[in-house]
Engineer: 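The following block contains the structure, expressed as structure tokens.
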Amino acid sequence: MRILLNVKIPHQPFNAAVKDGTAGAMLSRILEAIKPEAVYFTEQNGQRGAVLIVDLPDPSKIPALAEPWFLTFEADVEFRVVMSADDLKRAGLDELGKKWS
């Protein structure tokens, strides 16, 4: 299942990593471990953030996606199930509309 992983990174832990020169290596290590389909870094409510698309083959893999962010940067992590346009086409919206109208 494809999910959107929304990460909010607090200033202090990331600032410390930037100042000591380890931020890039820490981010690379996380991204190598979770292997996102896509990743975008952005601002979120005045904090650093990242939005990633990742595959979640099994709910037991949630800690493997979240813990690197928690433990490395004390980040907040949110999970949202997402689907592609092709997924939506296969959802059967016409039939659901008829059933629930």
Side-chain angles (χ1 to χ4, degrees):
M1 170 176 21
R2 187 176 284 125
I3 62 169
L4 183 144
L5 186 63
N6 191 44
V7 181
K8 296 175 190 169
I9 305 169
H11 295 299
Q12 193 284 327
F14 199 86
N15 285 350
V18 170
K19 288 178 182 178
D20 71 17
T22 61
M26 292 172 147
L27 286 170
S28 291
R29 185 173 178 213
I30 292 170
L31 296 176
E32 287 172 19
I34 65 176
K35 298 179 183 10
E37 290 180 24
V39 60
Y40 301 95
F41 294 94
T42 185
E43 171 278 335
Q44 294 187 20
N45 298 316
Q47 292 183 307
R48 291 176 180 97
V51 178
L52 302 90
I53 302 296
V54 296
D55 183 43
L56 182 65
D58 183 281
S60 69
K61 302 299 182 193
I62 289 173
L65 297 172
E67 291 298 333
W69 297 103
F70 294 153
L71 297 172
T72 304
F73 295 118
E74 300 175 26
D76 294 328
V77 179
E78 300 171 337
F79 295 87
R80 293 191 174 91
V81 175
V82 295
M83 62 181 144
S84 67
D86 288 337
D87 295 332
L88 185 59
K89 286 177 187 176
R90 292 189 309 271
L93 289 178
D94 294 342
E95 292 81 21
L96 287 169
K98 291 173 188 173
K99 179 179 179 178
W100 292 100
S101 293

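What you see below is based on every heavy atom in this structure, not just the backbone, and it leaves out hydrogens, waters and symmetry mates. Predicted, not measured: the structure shown is a model, and the values here were computed from it.
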Engineer: For His11 versus Gln47, what's the shortest heavy-atom pair and its separation?
Structural biologist: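 Reported closest heavy-atom pair: CE1-CA, 3.9 Å.
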
Engineer: Using the side chain to side chain contact (heavy atoms under 4.5 Å, CB included) rule, take Leu52 and Leu65 through it: C-alpha gap first, then chi angles, then the decisive distance, then the call.
Structural biologist: CA-CA 10 Å; Leu52 302 90; Leu65 297 172; over 6 Å; no

Engineer: Are side-chain heavy atoms of Pro36 and Ile53 found at a separation under 4.5 Å?
Structural biologist: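 Side chain of Pro36 against side chain of Ile53, heavy atoms only: no contact under 4.5 Å found.
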
Engineer: Consider only side-chain heavy atoms of I, L, V, M, F, W and Y, link residues closer than 4.5 Å, and tell whether Ile3 and Phe41 are in one cluster.
Structural biologist: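 Same cluster: Ile3 reaches Phe41 through Ile, Leu, Val, Met, Phe, Trp or Tyr contacts under 4.5 Å.
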
Engineer: Find the distance between CD (Glu95) and NZ (Lys98) and round it off to the nearest 0.5 Å.
Structural biologist: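 Glu95 atom CD to Lys98 atom NZ measures 6.0 Å (nearest 0.5 Å).
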
Engineer: Any chain of hydrophobic side-chain contacts (each under 4.5 Å) joining Leu4 to Leu88?
Structural biologist: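 In one cluster: no.
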
Engineer: Judged by modelled atom types alone, do Asn6 and Gln44 share a side-chain donor-acceptor pair under 3.5 Å?
Structural biologist: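 Yes.
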
Engineer: Should Val51 and Trp69 be counted in the same cluster of Ile, Leu, Val, Met, Phe, Trp and Tyr side chains packed under 4.5 Å apart?
Structural biologist: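 Not linked; separate clusters.
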
Engineer: Is there a donor-acceptor pair under 3.5 Å between the side chain of Glu43 and the backbone N or O of Asn45?
Structural biologist: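 Indeed, once roles are kept as given, a pair shorter than 3.5 Å links the two residues.
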
Engineer: Go through Met83 and Arg2 one step at a time and tell me if the side chain to side chain contact (heavy atoms under 4.5 Å, CB included) criterion holds.
Structural biologist: CA-CA 7 Å; Met83 62 181 144; Arg2 187 176 284 125; over 6 Å; no

Engineer: Verify side chain to side chain contact (heavy atoms under 4.5 Å, CB included) between Ser84 and Asp87, making sure each step is shown before the conclusion.
Structural biologist: CA-CA 5 Å; Ser84 67; Asp87 295 332; 3.2 Å; yes

Engineer: Assigning hydrophobic clusters by single linkage (Ile, Leu, Val, Met, Phe, Trp, Tyr; side-chain heavy-atom cutoff under 4.5 Å), is Ile34 placed with Met1?
Structural biologist: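 Linked within one cluster.
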
Engineer: With a 4.5 Å heavy-atom cut-off, do Arg48 and Asn15 have their side chains touching?
Structural biologist: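 A side-chain contact under 4.5 Å exists here.
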
Engineer: Is it possible for you to say whether Leu56 and Ile30 belong to one hydrophobic cluster, with membership spreading through side-chain heavy-atom contacts below 4.5 Å?
Structural biologist: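 Yes, same cluster.
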
Engineer: Starting at CZ of Arg29, measure out to OG1 of Thr22 and round the result to the nearest 0.5 Å.
Structural biologist: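 These two atoms lie 11.5 Å from each other.
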
Engineer: Side-chain contact, heavy-atom cut-off 4.5 Å: Leu5 with Phe79?
Structural biologist: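 Yes; the side chains approach each other to less than 4.5 Å.
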
Engineer: Can you confirm whether Val7 sits close enough to Asp76 that some side-chain heavy atom of one is under 4.5 Å from a side-chain heavy atom of the other?
Structural biologist: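 Answer no - side chains too far apart.
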
Engineer: Check Phe70 against Ala75 and note the closest heavy-atom contact, atom names and distance.
Structural biologist: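 The answer is CD2-O, 3.1 Å.
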
Engineer: Quick one about Asp58 and Ser60 (side-chain donor to acceptor, distance below 3.5 Å, no hydrogens or angles considered), yes or no?
Structural biologist: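 Side chains of Ser60 and Asp58: pair found under 3.5 Å.
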
